[in-house]
2 protein chains.
Amino acid sequence: MSNAVRSKITIKQVAEASGVAPSTVSNALTGKGYVSEETRGRVLQAAQSLGYRASSLARSLRLQQTWSVGLLVADVSNPFFPAVVRGVEDVLWRRQYNLVLCNTDYNKEKEAAYLRHLLDKRLDGLILASTAADSDDVLELQAEGVPFVMLNRRHVSARTPYVGMDNEGGVGMAMDHLLALGHRRIAFIKGRADSSAAEERHQGYRQALEREAIAYDPALVMQGDYTIESGHAAAARFLALRRPPTAIVSANDFMAFGAMALFKERGLAVPSEMSVIGFDDIFVSALPWIELTTVRPQSWQLGASAAELLLELVGGREANRRREIILPNELVLRATTAPARPER
Amino acid sequence: MSNAVRSKITIKQVAEASGVAPSTVSNALTGKGYVSEETRGRVLQAAQSLGYRASSLARSLRLQQTWSVGLLVADVSNPFFPAVVRGVEDVLWRRQYNLVLCNTDYNKEKEAAYLRHLLDKRLDGLILASTAADSDDVLELQAEGVPFVMLNRRHVSARTPYVGMDNEGGVGMAMDHLLALGHRRIAFIKGRADSSAAEERHQGYRQALEREAIAYDPALVMQGDYTIESGHAAAARFLALRRPPTAIVSANDFMAFGAMALFKERGLAVPSEMSVIGFDDIFVSALPWIELTTVRPQSWQLGASAAELLLELVGGREANRRREIILPNELVLRATTAPARPER
DNA sequence: TTGTAGGCGTTATCAG
DNA sequence: CTGATAACGCCTACAA
């Protein structure tokens, strides 16, 4: 009730109020040192009535730990990320850690600036879900000895703790499904060139073709940037081909939507005239108007695993710990794929 | 190159390396005190080559400022929030502040726990976008004198800085549009009972009816919880009515999708047999398969304004500053509304 | 069992 | 212009 502006109560005042030394208050409150039941009671009582709350700030300086970790994502607005963020946050919450969220907008300078800033704040660790594959910052982090985990993005050269999904296998499943349906001309819309995940998905495409001894046709691969618009554009290019594909695999759901939108405009029926498979399984894909067949990663788990791995690194028990976690995906069969029609 | 583990370089080491006192290093680096050009040069040089970066942690303790603000949202996975989060973060980024993101899952205890935690960390301010209207925590915050802004959620009693959208007017526009199309039996799917925003939207519905002297029929109002499923369920209830509505306004897009999904299942054509309007304009609503007519709030701006207001409060210039910002919405006309058909 | 004395890394103050 | 000193709030030896 009468606690007034209690945000400024310090350990000293509690000490005075309970007639003991600050160190005793600390011992009583943290339960670490020897304190008689009686004094502990008095201290707790005083702390309570003054509304004392120890400053994590001061404690952090003293203990060299901030109980905060940073998460760098390209853009939370991209519907793939929220689940990942939740995964991270849910784990941190359980362990009483806080999450500092940073959006890098696929921008190297912004990312670098954020990194500097976070390092200055002496966060306990970092999760990088946005880094370009060739970022020098990653090397620096490693040099500085800051615990960090790369999330679905590898660095070209550095060997770092990594949590990711099976990108190659995911696209592989999609391709196998189409191949089994008899498709032979299958196009692929690639993701941003600077991410390892995009590269791995592209690999999945190539290897599936190889398995079936189908020649890789560069005309059937378009570069996108994960936006709906880029999928739309890519699809238009595919249709303009002399021999258009009968199916398309997209590196994410957004671009698949774009492609489907174009097919709709052009009066091309999906799936009877064109099969489409996406990647990410964002919630939209399940809506009855869309029902996109797509590869579903374990997004929440991805974030959760990254957070868990990071906390272990922070705890310093890294030695006896696997540094790489690859989570499998699932192919969600819905309504955008059908058997290939014999080519005319 | 040879900077070794530079994360531990302190101001003292820089002082030694450049042959001056720590305070002089501080002055040179922050540019606050008088320092001769010559010494400044030496200091910068030394700092540079040692890779010195001042600890914000220590600085925070000393300056009583953390350059971090907390943002409490119900759930970033709800597609309404990412844009808000981005708005907040973009403004903070410009001002060199960091964002601590917390998901409360509409859970009071979790929210309270987070709040305690954040207060312990001495964040500079808080943005509350998830608080229940009757939360006691808000009163406590106020008592503690921590700068904070409520985002699209008011407290029942406390007068606090507030940034929100025109919920009432938003639903009002939707209603007026339907009314103008000749609809007279219009149903409303309400949002979670504990939020002021939901209440305001409900008010918008009532008042629009009043303006047209149409009686308020409780059977035409269903309580939802912002999920697709709850919209689906609500729609089913409406159709079961002896005199079903000819149009539905939903307190958010998700529930509108749920309703539309049900209509699709039941073979009820939208918009010819049933008009639907949502609220939020999440990106999905614009997809060609959906084209939901909906009320578009300025989500990014909402977050940005909240952050700006908060930073002003933090800066202590609150006195001469409006404490309440209400952003207008826009009705986005798409393909889910049509003139009412004469009642049979 | 309790208290005293540093020190975590900065910066503000003030004397030199 | 520069440097010693103290203080931000807490915790951990170590001494009493």
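Order of the sequence lines fixes the chain letters, A, B, ..., with proteins taken first and strands second; residue numbering starts at 1 for each chain. Computation of the quantities below employed the complete heavy-atom set of this structure, encompassing side-chain atoms and omitting hydrogens, waters and symmetry-equivalent molecules.
Interatomic distance, CG of A:Leu126 versus CG of A:Leu151, reported as 12.0 Å (0.5 Å rounding). Rounding to the nearest 0.5 Å places CG of B:Leu50 at 8.5 Å from OG of B:Ser18. Here B:Leu101 contributes atom CG and B:Phe81 contributes atom CZ; the two are 10.5 Å apart, rounded to the nearest 0.5 Å. Atoms OG1 and OH, from A:Thr10 and A:Tyr52 in turn, are 7.0 Å apart once rounded to the nearest 0.5 Å. Between atom CZ of residue B:Phe148 and atom CG of residue B:Leu310 there is a gap of 10.0 Å, rounded to the nearest 0.5 Å.
At D:dT2, one or more side-chain N or O atoms of B:Thr39 fall inside 4.0 Å of OP1 or OP2 (strictly under the cut-off). OP1 or OP2 of D:dG9 lies within a sub-4.0 Å distance of a side-chain N or O belonging to B:Gln64.
Close approach of DNA chain C to chain B, defined as any atom under 4.0 Å from a non-hydrogen atom of the protein, starts and stops at C:dG9 to C:dA12.
Regarding A:Ile9, its CD1 atom lies at a distance of 11 Å from the P atom of D:dG9, rounded to whole Å. Distance, B:Leu57 CG to D:dA7 C1': 16 Å, rounded to whole Å.
A search for side-chain contact (heavy atoms from CB on, under 4.5 Å) contacts involving B:Thr66 returns A:Leu57, B:Ser60, B:Ser68, B:Arg122, B:Leu123, B:Asp124, not counting sequence neighbours. Annotation: ring-ring contact (aromatic ring centres under 6.0 Å, His included) contacts of B:Trp93 (sequence neighbours excluded): A:Tyr114. Taking A:Asn107 as the reference, nothing meets the side chain to side chain donor-acceptor pair (under 3.5 Å) condition, with sequence neighbours excluded.
When the nearest nucleotides of DNA chain D are assigned to B:Ala21 and B:Leu61 by heavy-atom distance, the more 5′-ward of the two goes with B:Ala21.
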Salt bridge (Lys or Arg N to Asp or Glu O under 4.0 Å) evaluation trace for B:Lys12 with B:Glu16: CA-CA 6 Å; B:Lys12 262 191 202 163; B:Glu16 253 176 87; over 6 Å; no

Check against salt bridge (Lys or Arg N to Asp or Glu O under 4.0 Å), B:Lys108 and B:Glu111: CA-CA 5 Å; B:Lys108 275 193 180 183; B:Glu111 174 173 312; over 6 Å; no

Summary of protein contacts for nucleotides 11-16 of chain D, nucleotide by nucleotide, where a base hit scores B, a sugar-phosphate-only hit scores S (4.0 Å, heavy atoms): BB----

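Residue contacts shown for B:Thr24 include a base, since a base heavy atom lies under 4.0 Å away.
Axis orientation changes by 50° from one end of the helix from C:dT1-D:dA16 to C:dG16-D:dC1 to the other, with each end axis drawn from 5 pairs and the value rounded to 10°.
Salt-bridge formation is detected for the pair B:Glu324/B:Arg154: a Lys NZ or Arg NE/NH1/NH2 atom is positioned less than 4.0 Å from an Asp or Glu carboxylate oxygen.
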